[in-house]
There are 2 protein chains.
Amino acid sequence: MQTTGTPGAAEVACPISPVVDIVFSRWTTPILWTLNEFGRQRFVELERRIATVTPKVLTQRLRQLERDGLITRTYHPEVPPRVEYEISDLGRSLAPLFAHLATWASANLGSVERARHDYDARAPR
Amino acid sequence: MQTTGTPGAAEVACPISPVVDIVFSRWTTPILWTLNEFGRQRFVELERRIATVTPKVLTQRLRQLERDGLITRTYHPEVPPRVEYEISDLGRSLAPLFAHLATWASANLGSVERARHDYDARAPR
DNA sequence: CAGTATCCTTATGGATACTG
DNA sequence: CAGTATCCATAAGGATACTG
């Protein structure tokens with residue numbers, strides 16, 4: 001969880017905090033995006049595409065996303081074992097939201113960059 | 001930052017990670033939402049509305065949001081000092097996105113809850 | 001009022017090695 | 001292959017006290 005964790009006044013004050021905890025916690029967007037973009041994939045493929053994540057952390061996040069119903073995990077009892085991850089319908093329902101976010105980004109990330117530059121110029125060190 | 005921090009393969013793999021770091025890092029949604037909902041406010045008012053945040057952390061997040069150009073800070077040199085925070089035009093441009101998020105939440109949070117319940121029932125302990 | 005400063009606890013994630 | 005287990009470093013955040 002990245003925002004407020006346990007329910008409290010912040011949740012009361014901000015109705016979207018619960019969703020943010022589910023959808024935008026660490027590594028969830030790269031995982032969901034990769035799964036949505038490249039389709040059903042095995043653990044190693046995800047590991048390779050999201051190159052900077054360690055197996056331990058990747059497993060943790062995949063379990064969380066599976067528990068939240070955003071992805072599905074299919075285990076094939078073979079040797080060697082094969083596990084496939086796929087985005088669920090619920091997970092796919094986030095696509096328009098992510099597109100909205102991408103649109104905001106391309107329209108406004110430049111302004112954020114400029115604001116940062118100006119701020120740093122005004123308040124040195 | 002809550003997602004991937006420094007630029008790396010995850011950013012390459014997921015185009016929305018940079019925005020997520022800016023907009024959905026810890027405490028930012030409660031702050032932006034409160035500012036957008038109740039308008040221009042002083043430090044104490046924010047502190048009271050977002051009851052679980054400490055002054056140290058609130059200051060940190062306000063500085064970050066100010067640097068990113070999402071809010072403005074106005075200092076009135078009086079005794080006692082008065083400081084007012086207000087959402088900027090750039091910050092306000094996030095409103096439709098937040099509304100989109102709220103819509104997704106009301107439509108799908110129930111499914112997430114159910115998925116969690118089912119998962120926990122299947123895999124006890 | 002609007003923060004800072006300091007100390008401290010905890011959570012998160014990385015590195016590495018190992019297993020069914 | 002698909003993870004687990006273990007240990008460790010870092011940093012994010014809380015509690016508390018203090019200041020211009």
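Numbered from 1 within each chain, the chains take letters A, B, ... in sequence-line order. Being a predicted model, the structure only gives us computed values, none of them experimental.
The B/Val57 side chain lies nearest to D/dG14 when the options are C/dG13, D/dG14, D/dG3. Of the candidates C/dA15, D/dA2, D/dG14, the closest approach to any side-chain atom of A/Arg42 belongs to D/dA2. Distances were taken from every side-chain heavy atom of A/Arg82 (C-beta onward) to each of C/dA2, D/dA2, C/dA15; the shortest belongs to D/dA2.
In this structure, B/Leu46 CG and B/Arg49 CZ are separated by 8.0 Å, a value rounded to the nearest 0.5 Å. Of the inter-residue distances, the one linking B/Leu70 atom CG with B/Leu94 atom CG reads 6.0 Å to the nearest 0.5 angstrom.
Between B/Arg26 and the phosphate of D/dG13, there is a side-chain N or O to OP1/OP2 separation shorter than 4.0 Å. Dashed line: the shortest gap from a side-chain N or O of B/Arg63 to OP1 or OP2 of C/dG3 is under 4.0 Å. Remark: A/Tyr85 is in phosphate contact with D/dG3, judged by side-chain N or O atoms under 4.0 Å from OP1 or OP2. Phosphate proximity of C/dA2 to B/Arg73: absent, as no side-chain N or O sits under 4.0 Å from OP1 or OP2.
Annotation: of the two residues near DNA chain C, A/Gln60 and A/Pro81, the 5′-most nearest-nucleotide partner is A/Gln60.
A side-chain contact (heavy atoms from CB on, under 4.5 Å) with B/Phe24 is found for exactly one of A/Val23, A/Leu101, A/Thr29, namely A/Leu101.
Under the Watson-Crick and G-U wobble criteria, each requiring two contacts below 3.5 Å, nucleotide D/dT19 is paired to C/dA2. As the counterpart of D/dT10, C/dA11 is assigned, both hydrogen-bonding distances of the Watson-Crick or G-U wobble pattern falling under 3.5 Å.
The base of C/dG3 has none of its N or O atoms less than 3.5 Å from a complementary donor or acceptor on the side chain of B/Lys56.
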